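So the structure is just underneath, and the comments pick up after that.
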Amino acid sequence: MEFRTIKEDGQVQEEIKKSRFICHIKRVTTEEEARNFIQDVKKEHYKATHNCSAFILGEQSEIKRSSDDGEPSGTAGVPMLGVLENHQLTNVCAVVTRYFGGIKLGAGGLIRAYAGNVALAIKEIGIVHIKEQLGLRITLSYSQYQELPNFLKANHLQEQDTSFTEQVQTTIFVDKNDKDSMIEGLIELFNGKVDITDQGLRKVEVPVPSS
């Protein structure tokens, strides 16, 4: 199965009309994990005016929950959930802590503030596409290795687990359907003088370019 989630856990904060909004966002895999995270944030920010939350779970995004935590109905949790949905994320929980600054924002202002705070966190932290890919271990001479970066760039690939001994060994991960064409491309690039070993399937995290 393939799905998208945040690159890592993190938080961002911003001030909107003297209210402080802090978005805490975390990768989670169970409802219990999500609820524990929400409780942890509430404990840490027990003096805050509100700790609103939203989470999506499951590789098919089967479970969706949100809470306005005392804000007017539909002005916090649902807009936060909407941002997670718009980015097609799952296995993620967001909690936005608000410290009221004395200026009321109105329903529209609250929706923009809570949704915007989550969107800002996602933008700063980044998104990854988690999918099963096939590992190819490549053994090269040092002079051959100088030619590899252009091939990787052209095919939007990244190398991993590179080791430098008498020769260079590195691993690339490719979609199963691209295996044959990638092997052919490498053989052509190095005139058949390359050793490629199939490493089998592994779940990998592929960064999603920010739009």
Side-chain angles (χ1 to χ4, degrees), residues 1-12 23-37 53-66 80-95 115 118-140 145 147-163 168-190 194-211:
M1 292 301 298
E2 298 185 9
F3 61 94
R4 287 157 55 109
T5 192
I6 53 170
K7 187 179 174 185
E8 59 193 1
D9 303 345
Q11 66 179 59
V12 302
C23 179
H24 319 259
I25 195 161
K26 181 179 174 67
R27 277 163 68 156
V28 290
T29 53
T30 65
E31 199 158 345
E32 183 185 16
E33 236 184 306
R35 296 200 182 281
N36 287 342
F37 174 59
S53 58
F55 61 85
I56 300 178
L57 292 169
E59 290 183 359
Q60 301 291 327
S61 304
E62 303 90 302
I63 300 168
K64 297 180 181 183
R65 303 275 186 272
S66 65
M80 290 167 61
L81 189 65
V83 173
L84 301 180
E85 289 173 327
N86 289 344
H87 285 87
Q88 300 166 325
L89 302 181
T90 190
N91 289 358
V92 62
C93 179
V95 184
V118 175
L120 180 66
I122 293 167
K123 185 181 176 185
E124 290 205 2
I125 289 164
I127 297 171
V128 289
H129 194 159
I130 296 182
K131 54 182 175 179
E132 230 177 22
Q133 286 192 315
L134 187 84
L136 296 174
R137 190 74 172 159
I138 309 164
T139 305
L140 302 164
Y145 182 63
E147 298 175 49
L148 188 63
N150 288 336
F151 177 84
L152 298 181
K153 192 175 179 183
N155 291 284
H156 309 289
L157 298 171
Q158 293 179 324
E159 60 176 302
Q160 296 184 26
D161 307 324
T162 309
S163 67
V168 182
Q169 284 198 320
T170 191
T171 301
I172 58 170
F173 287 92
V174 301
D175 290 343
K176 284 177 281 190
N177 299 341
D178 295 338
K179 174 189 170 183
D180 292 343
S181 62
M182 288 300 163
I183 289 174
E184 282 169 22
L186 287 163
I187 288 169
E188 189 180 326
L189 176 65
F190 298 115
V194 59
D195 181 46
I196 305 167
T197 313
D198 186 328
Q199 299 281 295
L201 293 169
R202 195 197 301 179
K203 263 192 177 176
V204 295
E205 299 187 4
V206 183
V208 174
S210 55
S211 51

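Please read these numbers as outputs of a predicted model, since none were measured by experiment. Counting from 1, the numbers follow the sequence of the chain as shown.
Ala119 is linked by a side chain to side chain contact (heavy atoms under 4.5 Å, CB included) to Val83, counting only residues two or more places apart in sequence or in another chain. Shown here are the salt bridge (Lys or Arg N to Asp or Glu O under 4.0 Å) partners of Asp161, two or more places apart in sequence or in another chain: there are none. Lys203 pairs by the side chain to side chain donor-acceptor pair (under 3.5 Å) definition with Glu59, not counting sequence neighbours. Residues forming a salt bridge (Lys or Arg N to Asp or Glu O under 4.0 Å) with Arg65 (at least two apart in sequence, or on another chain): Glu31. The salt bridge (Lys or Arg N to Asp or Glu O under 4.0 Å) test applied to Lys123 returns no partner, not counting sequence neighbours. Here Gln169 pairs with Thr139 under the side chain to side chain donor-acceptor pair (under 3.5 Å) rule; sequence neighbours left out. A search for side chain to side chain donor-acceptor pair (under 3.5 Å) contacts involving Glu147 returns nothing, not counting sequence neighbours. Residues forming a ring pair (Phe, Tyr, Trp, His ring centres under 6.0 Å) with Tyr145 (at least two apart in sequence, or on another chain): Phe164. Take Ile183 and apply the side chain to side chain contact (heavy atoms under 4.5 Å, CB included) test, not counting sequence neighbours, and it matches Leu136, Lys179, Ile187, Ile196. In terms of the salt bridge (Lys or Arg N to Asp or Glu O under 4.0 Å) criterion, Arg4 has no residue partners (sequence neighbours excluded). With sequence neighbours left out, the side chain to side chain donor-acceptor pair (under 3.5 Å) criterion links Gln160 to no other residue. Every residue two or more places apart in sequence or in another chain that forms a side chain to side chain contact (heavy atoms under 4.5 Å, CB included) with Glu62 is listed here: Gln60.
To the nearest 0.5 angstrom, Leu189 atom CG is 7.0 Å from Phe151 atom CZ. Going from atom CG of Leu84 over to atom CD1 of Ile122 covers 5.0 Å, rounded to the nearest 0.5 Å. In this structure, CG on Asp9 lies 7.5 Å from CD1 on Ile125, to the nearest 0.5 angstrom. In this structure, Glu33 CD and Lys26 NZ are separated by 6.5 Å, a value rounded to the nearest 0.5 Å. Separation of atoms CD (Gln133) and CD (Glu205) is listed at 11.5 Å; rounding is to 0.5 Å. How far NE2 of His87 is from OG1 of Thr5: 12.0 Å, rounded to the nearest 0.5 Å.
Smallest separation of non-hydrogen atoms from Cys23 and Ala94: SG-CB, 4.4 Å.
With a 4.5 Å cut-off on side-chain heavy atoms, Val128 and Val208 do not count as touching. Side-chain contact between Pro149 and Leu152 is absent, with no heavy atoms from C-beta onward closer than 4.5 Å. The shortest distance between side-chain heavy atoms of Asn91 and Ile6 does not fall below 4.5 Å. Looking only at side-chain heavy atoms (C-beta outward), Thr30 and Leu57 stay at 4.5 Å or farther from each other. Counting only heavy atoms from C-beta outward, the side chains of Phe55 and Arg35 approach each other to under 4.5 Å. Residues Ile127 and Lys7 form no side-chain contact, since every pair of their non-hydrogen atoms from C-beta on lies 4.5 Å or further apart.
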Quiz item: Can you check side chain to side chain contact (heavy atoms under 4.5 Å, CB included) on Arg27 and Thr90, steps first, answer last?
Solution: CA-CA 9 Å; Arg27 277 163 68 156; Thr90 190; over 6 Å; no
Practice problem: Could you give me the CA-CA distance, side-chain angles and deciding distance for Glu85 and Lys64, then say whether salt bridge (charged side-chain N to carboxylate O under 4.0 Å, His left out) is met? | Solution: CA-CA 10 Å; Glu85 289 173 327; Lys64 297 180 181 183; 2.9 Å; yes
Exercise. For side chain to side chain contact (heavy atoms under 4.5 Å, CB included), just list the numbers for Val174 and Ile172, CA-CA rounded to whole Å, side-chain angles, deciding distance to a tenth of an Å, and then say yes or no.
Key: CA-CA 7 Å; Val174 301; Ile172 58 170; 4.2 Å; yes
Exercise. Given side chain to side chain contact (heavy atoms under 4.5 Å, CB included), test Phe190 with Leu140 step by step and report yes or no.
Key: CA-CA 9 Å; Phe190 298 115; Leu140 302 164; 3.6 Å; yes
Practice problem: Mind running salt bridge (charged side-chain N to carboxylate O under 4.0 Å, His left out) on Arg137 and Asp195 for me, showing each step along the way? | Solution: CA-CA 8 Å; Arg137 190 74 172 159; Asp195 181 46; over 6 Å; no
Quiz item: Hey, mind stepping through His129 and Glu2 against side-chain hydrogen bond (donor to acceptor under 3.5 Å, both in side chains) and telling me if it holds?
Solution: CA-CA 7 Å; His129 194 159; Glu2 298 185 9; 3.1 Å; yes
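Looking at Lys131, Met182, Glu132 one by one, the single match for side chain to side chain contact (heavy atoms under 4.5 Å, CB included) with Asp175 turns out to be Lys131. For the side chain to side chain contact (heavy atoms under 4.5 Å, CB included) with Ile56, the qualifying choice from Ile63, Leu89, Leu81 is Leu81, the only one to do so.
Within a 6.0 Å sphere centred on CD of Gln158, other residues, nucleotides and ligands contribute 12 heavy atoms or fewer. Glu124 CD: more than 12 foreign heavy atoms inside a 6.0 Å radius.
In this structure, Asn155 contributes its side chain and Leu157 its backbone to no donor-acceptor pair below 3.5 Å.
No hydrogens or angles considered: a donor-acceptor pair under 3.5 Å links the side chains of Thr162 and Glu159.
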